[in-house]
Number of protein chains: 2
Amino acid sequence: MREAKKQPGIAEVAAAAGVSVTTVSHVLSGRRPVSAATRALVETVIKELGYRPNPSARGLRTQRSESIALIVPDLTNPFYTLVAAGLQDVLMESGYLLSITDAAQPGRALPEVVRHVLARRVDGIVLASYGATDDDIASIAETGTKLVRLGSRFRADFGDVVRADDVGGMHDVVDHLLARGYRRIGLVNGEYDAQPSQMRLEGYTRALREAGRTADPDLIHFGTFSRAGGAAGARRLFDSAHPPDAIVGGNDLIAVGVMDAARERGLAIPRDVAITGYDDIEAASLVTPALTTVHNPAREIGRTCARMLLDRLAGKYDDVAREVVLAHRLVIRESS
Amino acid sequence: MREAKKQPGIAEVAAAAGVSVTTVSHVLSGRRPVSAATRALVETVIKELGYRPNPSARGLRTQRSESIALIVPDLTNPFYTLVAAGLQDVLMESGYLLSITDAAQPGRALPEVVRHVLARRVDGIVLASYGATDDDIASIAETGTKLVRLGSRFRADFGDVVRADDVGGMHDVVDHLLARGYRRIGLVNGEYDAQPSQMRLEGYTRALREAGRTADPDLIHFGTFSRAGGAAGARRLFDSAHPPDAIVGGNDLIAVGVMDAARERGLAIPRDVAITGYDDIEAASLVTPALTTVHNPAREIGRTCARMLLDRLAGKYDDVAREVVLAHRLVIRESS
DNA sequence: CACAGTGCGCAAATCGATTTGGCCGGTACT
DNA sequence: AGTACCGGCCAAATCGATTTGCGCACTGTG
């Protein structure tokens with residue numbers, strides 16, 4: 001452990017360059033013109049000394065932390081890691097710090113997490129957690145922290161929204177199954193009050209309706225967006241009076257759980273029962289048989305969130321909230 | 001978008017409580033005694049006003065940011081997300097902010113990432129990237145930023161190290177394969193200069209040696225810690241003069257790639273060839289056949305790193321660097 | 001009664017940047 | 001020639017907390 005060398009401050013730079021601290025600040029921020037000669041001089045001095053402005057001092061004065069927070073329901077869900085990577089793509093080159101928190105742990109529920117990041121005075125929040133209540137959103141809004149929500153229903157007073165076209169995606173899945181001749185199509189979904197669940201349900205029922213069929217409530221199950229949740233839901237469907245010949249999962253993790261359950265029952269996939277997922281996480285192509293699913297452009301979603309947040313922080317778009325809907329893509333593999 | 005309400009400062013709190021800002025600060029920090037009555041008064045006022053100290057102001061004065069950074073080679077590797085979750089477990093309750101960066105993107109290589117987090121004056125860094133050079137480490141050390149390295153070889157002047165017992169883990173895997181009667185055991189490993197690669201190689205060769213056999217260099221391959229890398233390495237081994245009857249992968253992702261390659265060749269697992277992984281990520285239990293692997297206590301590793309960093313920041317242990325080695329556990333499934 | 005000791009609170013300096021008002025010399029315009 | 005303007009720089013105020021030296025009032029002791 002070597003000893004810490006004291007980092008130079010703006011005053012040292014100014015002294016070494018023979019100018020005032022004001023001038024140094026101006027060449028850094030470009031808020032006022034500086035002659036080319038002076039600018040060059042200051043810049044070389046900065047480089048020589050390895051000067052980096054102290055973010056605390058800057059933040060104190062500007063009332064900005066140049067950091068944004070990502071709040072996800074579950075960090076181990078690969079979909080969200082990809083979103084995080086996409087955010088990082090954009091944020092790092094803008095010098096922003098990205099902090100990532102999941103609200104999946106006991107004692108680390110959403111209100112706590114929100115308090116935590118608000119206490120740190122982040123400039124913006126990307127909120128991907130369905131369980132968010134109006135109170136959660138309100139507590140963010142009243143601090144003036146910019147907010148972009150992921151995959152939620154748009155509300156003008158709740159900030160921007162970035163989401164994929166879940167309704168359309170699920171519609172495509174069901175269409176595909178119908179085209180393949182499956183007739184009793186069940187749905188094992190995630191949390192009932194989660195927005196993605198609702199939108200995927202909507203796509204499912206709409207596709208059935210447009211095909212002149214109607215959804216059988218016995219074949220619709222809500223649980224959690226997890227492998228265990230999928231297995232539990234599938235068992236219930238398999239045990240019903242008229243078991244399904246196809247099950248669409250609310251996401252890929254659920255679909256994997258459905259596969260577990262199908263195997264327990266000795267059902268062959270896709271002969272006895274077809275199974276589909278949603279998101280197209282890495283694991284979707286790993287399982288056997290490979291999972292038919294809908295590709296969700298997670299990384300692009302992350303990038304889009306970052307750009308919207310940066311635009312907002314730059315004062316663009318004034319106060320009109322926006323909604324961006326990204327395209328999906330059906331990926332047909334072996335499970336259907 | 002509601003309008004921002006101005007957050008109260010310490011001065012408002014002091015005024016409302018009828019005391020000086022000093023006193024408020026003292027009840028917050030406990031650095032000097034405050035009478036019980038005053039303390040109670042101040043605390044209720046703080047709660048009423050919803051006061052939160054401004055981290056920039058505090059950081060400016062204390063020269064601490066109360067934030068730490070995690071740098072991983074690849075955020076989409078589930079092992080690292082679990083480490084991140086473990087860090088978060090410990091850090092959040094201490095009020096620290098965790099920022100997570102991967103160094104996997106073009107234009108986002110390790111030196112850049114290190115510069116980025118150092119510019120943000122984080123208090124500590126958890127570095128999980130093998131590719132770290134001495135220069136990278138030195139640039140961290142000279143800023144006085146505390147460092148904990150993950151899975152690297154211990155060096156007293158490079159800060160603390162937390163790692164799993166990779167040598168022992170791989171030893172167990174090979175022992176297990178030998179016990180099952182496999183005789184030509186190949187190794188498809190990750191990056192040659194990565195520490196985990198080296199330690200896993202060591203466990204592999206040592207186990208063979210102790211069994212009175214010697215490692216055949218034709219059966220050892222270095223590539224990348226990824227699915228594609230695993231497939232490529234396995235193809236080479238399968239094409240060699242005396243192909244292996246078992247392949248141990250440097251990690252689970254590699255093992256999955258090896259499976260891909262085995263399937264291409266029409267080899268049955270584990271009859272024609274046994275395959276093992278390392279880390280025990282979620283996907284290891286998803287693939288068919290389920291993967292024999294070594295459970296790596298990722299979350300616990302993350303927690304341990306966080307505790308060590310916090311201890312260091314609290315000034316414990318002075319300057320003596322420590323190494324913590326965590327236990328592993330062989331998980332036998334269907335692929336061997 | 002005087003004096004040392006102690007618990008508690010205040011005023012002011014400080015951290016390192018940004019930002020604003022103003023000064024100075026030179027150019028353009030009338 | 002006089003006035004107005006402007007580019008380029010500086011000095012000083014400011015952001016919101018922490019920290020230090022000091023003073024006040026009260027207690028216990030010789």
Side-chain angles (χ1 to χ4, degrees), chain A residues 4-43 45-46 49-67 95 118-121 123 143-144 313, chain B residues 4-43 45-46 49-67 95 118-121 123 143-144 313:
Chain A
K5 215 186 335 186
K6 190 189 169 300
Q7 305 229 31
I10 198 175
E12 278 83 63
V13 174
V19 298
S20 76
V21 300
T22 310
T23 304
V24 176
S25 176
H26 286 337
V27 348
L28 247 16
S29 67
R31 291 181 61 84
R32 283 205 193 170
V34 175
S35 73
T38 311
R39 148 169 290 112
L41 172 63
V42 170
E43 273 166 355
V45 171
I46 285 179
L49 267 54
Y51 165 74
R52 303 179 179 296
N54 182 319
S56 293
R58 182 200 295 252
L60 174 57
R61 182 64 233 232
T62 61
Q63 303 291 23
R64 287 193 166 203
S65 60
E66 307 241 300
S67 65
L118 286 180
R120 298 306 308 259
R121 302 278 226 277
D123 294 338
T143 64
L313 289 170
Chain B
K5 214 184 338 186
K6 192 189 168 299
Q7 304 229 33
I10 198 175
E12 278 81 64
V13 175
V19 299
S20 75
V21 299
T22 310
T23 304
V24 176
S25 175
H26 285 337
V27 348
L28 247 16
S29 67
R31 292 182 59 86
R32 283 206 195 168
V34 174
S35 72
T38 312
R39 146 169 292 111
L41 171 63
V42 170
E43 273 165 356
V45 170
I46 285 179
L49 267 52
Y51 166 73
R52 303 178 179 297
N54 181 319
S56 293
R58 182 201 296 254
L60 174 58
R61 182 65 231 230
T62 61
Q63 303 292 21
R64 287 192 166 205
S65 60
E66 306 240 299
S67 65
L118 287 181
R120 297 306 307 260
R121 301 278 225 280
D123 293 339
T143 63
L313 289 170

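Labels below follow one simple rule: chain letters A, B, ... track the order of the sequence lines, proteins then strands, and each chain is numbered from 1.
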Exercise. Could you give the CG-to-P distance, from B:Asn54 to C:dA17, as a whole number of Å?
Worked result: 17 Å
Problem set entry | Nearest heavy-atom neighbours spanning B:Ala17 and B:Val42 | CB-CG2, 4.3 Å
Pairwise N/O distances under 3.5 Å, protein to nucleotides 23-27 of chain C:
none

Exercise. Roughly how far, to the nearest 0.5 Å, is CZ of A:Arg32 from OG1 of A:Thr23?
Worked result: 10.5 Å
Exercise. Under 4.0 Å: is that the gap between some side-chain N or O of B:Gln63 and OP1 or OP2 of D:dT18?
Worked result: no
For this session: Over all heavy atoms of both residues, which pair between B:Leu60 and A:Ala57 is shortest? Give the atoms and the distance, please.
Result: CD1-CB, 3.7 Å
For this session: Begin from the C-alpha positions of B:Ile46 and B:Leu28 and carry the test side-chain contact (heavy atoms from CB on, under 4.5 Å) through to its verdict.
Result: CA-CA 10 Å; B:Ile46 285 179; B:Leu28 247 16; 3.8 Å; yes
Exercise. In whole angstroms, how far is the P atom of D:dA17 from the CZ atom of A:Arg120?
Worked result: 14 Å
For this session: For B:Val45 and B:Ala16, work out which heavy atoms get closest and say how close.
Result: CG1-CB, 3.8 Å
For this session: Scan A:Thr62 against the nucleic acid and name what it touches under 4.0 Å (heavy atoms): base, sugar-phosphate only, or nothing.
Result: sugar-phosphate
Exercise. OP1, OP2 of C:dA17 versus side-chain N and O of A:Tyr51: anything below 4.0 Å?
Worked result: yes
Seminar exercise, completed: The reported gap from CZ in B:Arg52 to CZ in B:Arg58 (rounded to nearest 0.5 angstrom) is 12.0 Å
Exercise. Over how many whole Å does the gap from B:Leu60 atom CG to D:dG16 atom C1' extend?
Worked result: 9 Å
For this session: Grab the CZ-C1' distance between A:Arg121 and D:dA17 for me, whole Å please.
Result: 11 Å
Problem set entry | Exercise: identify the closest heavy-atom pair between B:Ser65 and B:Asp123 | N-OD1, 2.9 Å
For this session: Applying side chain to side chain contact (heavy atoms under 4.5 Å, CB included) between A:Arg121 and each of B:Ser56, B:Pro55, B:Pro53, report the one that passes.
Result: B:Pro55
Exercise. Quick check: does any side chain N or O of A:Arg120 sit under 3.5 Å from a backbone N or O of B:Glu66, one acting as donor and the other as acceptor?
Worked result: yes
Exercise. Counting only N and O atoms by type, is there a donor-acceptor contact under 3.5 Å from the side chain of B:Arg39 to the main-chain atoms of B:Val34?
Worked result: yes
Problem set entry | Separation of atom CG in B:Leu49 from atom P in D:dA17, rounded to whole Å | 12 Å
Exercise. To the nearest Å, how far apart are B:Arg31 CZ and D:dA17 P?
Worked result: 17 Å
Problem set entry | Nucleic acid footprint by protein, nucleotides 4-13 of chain D - heavy-atom cut-off 4.0 Å, B for base, S for sugar-phosphate alone | ----SBBBBB
For this session: Please check the phosphate of D:dT18 (OP1 and OP2 only) for any side-chain N or O of B:Ser29 closer than 4.0 Å.
Result: no
For this session: Among C:dC15, C:dA17, D:dA17, find the nucleotide with the atom closest to the side chain of B:Ala57.
Result: D:dA17
Problem set entry | Axis bend over the full length of the helix from C:dC1-D:dG30 to C:dT30-D:dA1, computed from five pairs that close each end, to 10 degrees | 40°
Exercise. Could you state the CD-C1' distance from A:Glu12 to C:dC15, rounded to the nearest angstrom?
Worked result: 13 Å
For this session: Using atom types as modelled and distance alone, determine if a side-chain donor or acceptor of A:Ser25 lies under 3.5 Å from a backbone N or O of A:Val21.
Result: no
Problem set entry | Spacing of CG belonging to B:Leu118 relative to OG1 belonging to B:Thr143, to within rounding of 0.5 Å | 4.5 Å
